[in-house]
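Taking it in order: structure first as structure tokens, then the write-up.
Along the sequence shown, the residues carry numbers beginning at 1.
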Amino acid sequence: MTDDLKILIIEDDPDVALGCEQALQLEGLAAECAGSAELARRRLSADFAGIVISDIRLPGQDGMSLQRELHAIDPELPVVLITGHGDVSMAVQAMKDGAYDFLQKPFAPEQLVDIARRALEKRRLVLEVRQLRRQLDQRDLLDARLIGNSAGMARVRGLIGALASSAADVLIHGETGTGKELVARCLHDASPRARGNFVAINCGGLPETLFESEIFGHEAGAYTGAGKRRIGKIEYASGGTLFLDEIETMPVPMQIKLLRVLQERTLERLGSNTPIPIDCRIIAATKEDLPVLSEQGKFRADLYYRLSVATLPLPPLRERREDIPLLFEHFLLQAAARHERPVPPISAGRTQQLVGYHWPGNVRELRNVADRCVLGIEAGSPPFGQPAGDAPRPLAETVEAFERALIADALRRHGSLARTAEALAIAKTTLHDKIRKYGLQGD
């Protein structure tokens, strides 16, 4: 389909331009006119969603010169030239230089429509291939940075792909160590804002007295010690992305001011009444249940609803245990390169210990374990500090350890037997038997 593509007609004769435009529009093709090459260039770019039909003879820059310029910008942009009888040799040369086709005056409307349809179809295929390549490049980038073949990580990559090109602010929710900042950076790098700044702030690491100045900036003399103007983080992120980690720790007065910035897209530095327009995407991250904090009066409900239009949940490592061996191998290679040490061999028994461990610190903890293994100091710390040793356990025992950890975690998260059974998609009687089998009543 070419419904979403348009035809830009470049013609200085208003009657000819109008006739071309009407002939195309009568056939359901979107067309618009420009009276010169200079005016047309303002509407054209490397990924222009359409084709160009231009007269060879134009005021100022002629159609031949324009065609060469457009070919340099985008060699696959179809340019059709309109020529008079004496300009046919010029048009033939233009086709050798990359023009798509030419029309010799006078021409029938049917000729114009036929050439335009063929050129539009070619353009549609080119743009579709480019989009597919971009998607593949983005997927390859995400696969390299967000390691894991589990269903949970596939969902994360899918959400990043769906949200990256949008203008929506995003709330990332995940436990400590699940990689919230990495996901935020992936969103930024895959977005149209990738050339802008990625500015990260840990809201829990800023003293409340410095918070406003750090976020919004200040003018010289705004307070004691403010000797010169300072650009705040939001302003510095304009054109890019502002990442607010641990947003649940942001002081409530600052939450009110941030909400105003999100709504009005302007800010005022400390000590100034002049509004400054800003254009940054906000990505916030939290490990807490913000609706519960809102009910307790610890987090602004209106800010939560403003941020949670697009929510991206990250699975804890214990819910994607099949990714642990691949992740650990990756971290071992990184640690070995960083510490200039050989990569240590990992036995089957140790792999089983890695998979069976509950990982309260998630991916960050796994990375630390890899560092300790490379340095040879892992024996005194979990999971290798536990009594399991290096001896491989039987498969049935490993599966039972995994199942016990999974059920224990589900019970902790869901509370009741009924909700846990529903979450695990098993019968309540089966779950009850397994709870007794693994001695989880008192956990």
Side-chain angles (χ1 to χ4, degrees), residues 1-85 87-138 165-166 192:
M1 295 295 290
T2 57
D3 295 348
D4 54 343
L5 302 182
K6 63 184 175 184
I7 303 160
L8 180 59
I9 303 164
I10 310 172
E11 174 60 69
D12 63 319
D13 185 327
D15 294 331
V16 175
L18 180 61
C20 291
E21 185 178 18
Q22 289 179 340
L24 293 166
Q25 289 177 348
L26 284 171
E27 294 297 322
L29 302 176
E32 57 186 47
C33 298
S36 68
E38 289 75 13
L39 291 172
R41 273 203 309 273
R42 300 174 189 174
R43 310 182 197 181
L44 296 168
S45 63
D47 284 317
F48 175 67
I51 65 169
V52 172
I53 298 178
S54 173
D55 199 339
I56 282 185
R57 297 192 179 275
L58 294 168
Q61 185 181 21
D62 62 47
M64 291 277 290
S65 173
L66 175 65
Q67 187 275 324
R68 287 193 293 270
E69 183 179 327
L70 295 179
H71 185 78
I73 296 171
D74 186 344
E76 296 177 294
L77 174 64
V79 177
V80 179
L81 295 172
I82 299 175
T83 175
H85 178 70
D87 297 329
V88 172
S89 60
M90 294 172 61
V92 172
Q93 182 59 47
M95 289 185 66
K96 291 180 180 178
D97 293 340
Y100 177 75
D101 208 338
F102 72 93
L103 282 162
Q104 184 179 352
K105 295 177 182 176
F107 52 83
E110 293 79 9
Q111 283 182 279
L112 173 67
V113 170
D114 179 60
I115 288 179
R117 284 194 190 281
R118 286 189 282 110
L120 285 169
E121 180 62 19
K122 179 181 179 182
R123 186 61 171 170
R124 180 188 66 80
L125 290 172
V126 165
L127 294 178
E128 281 185 359
V129 169
R130 286 183 186 176
Q131 179 62 22
L132 285 171
R133 284 175 179 163
R134 276 194 287 265
Q135 289 175 353
L136 287 172
D137 289 344
Q138 185 183 103
S165 60
S166 75

* Could you pull out all residues at least two apart from E32 that satisfy salt bridge (charged side-chain N to carboxylate O under 4.0 Å, His left out)? =>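 Expected list: K6, R43.
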* Sequence-distant partners of D62, salt bridge (charged side-chain N to carboxylate O under 4.0 Å, His left out), two or more places apart ->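 Once residues adjacent in sequence are excluded, D62 has no partner under the salt bridge (charged side-chain N to carboxylate O under 4.0 Å, His left out) criterion.
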Please report the interatomic distance [atom1]([X]) to [atom2]([Y]), rounded to the nearest 0.5 Å.
X	Y	atom1	atom2	value
L39	L44	CG	CG	11.0 Å
D12	C33	CG	SG	11.5 Å
Q111	Q104	CD	CD	9.5 Å
L24	R117	CG	CZ	9.0 Å
F48	I73	CZ	CD1	12.0 Å
I115	E110	CD1	CD	12.0 Å

* side chain to side chain contact (heavy atoms under 4.5 Å, CB included), paired with L29, selected from I7, L112, I51 ->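 When side chain to side chain contact (heavy atoms under 4.5 Å, CB included) is applied between L29 and each of I7, L112, I51, only I7 qualifies.
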* Of D55, L66, L81, which meets side chain to side chain contact (heavy atoms under 4.5 Å, CB included) against I10? ->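 Considering D55, L66, L81, a side chain to side chain contact (heavy atoms under 4.5 Å, CB included) with I10 is found only for L66.
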Restricting to non-hydrogen atoms, name the atom on [X] and the atom on [Y] that form the minimum distance, rounded to 0.1 Å.
X	Y	answer
R123	P78	CD-CD, 3.6 Å
I9	A17	CD1-O, 4.4 Å
Y100	M95	O-CE, 3.7 Å
M64	A94	SD-CB, 3.4 Å
I82	F107	CG2-CE2, 3.8 Å
P192	S165	CD-CA, 3.9 Å

* **Candidate pair E128 and R124, rule salt bridge (Lys or Arg N to Asp or Glu O under 4.0 Å), full reasoning** => CA-CA 6 Å; E128 281 185 359; R124 180 188 66 80; 2.7 Å; yes
Residues in side-chain hydrogen bond (donor to acceptor under 3.5 Å, both in side chains) contact with [X], at least two apart in sequence or another chain:
X	answer
S166	R281
Q61	R41, S65, E69
S45	none
R68	none

Any side-chain heavy-atom pair from [X] and [Y] closer than 4.5 angstrom?
X	Y	answer
H71	D97	no
L125	K122	no
L8	I53	no
E11	E21	no

* **Salt bridge present between D13 and K105 (N-O < 4.0 angstrom)** =>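 No, this pair does not count.
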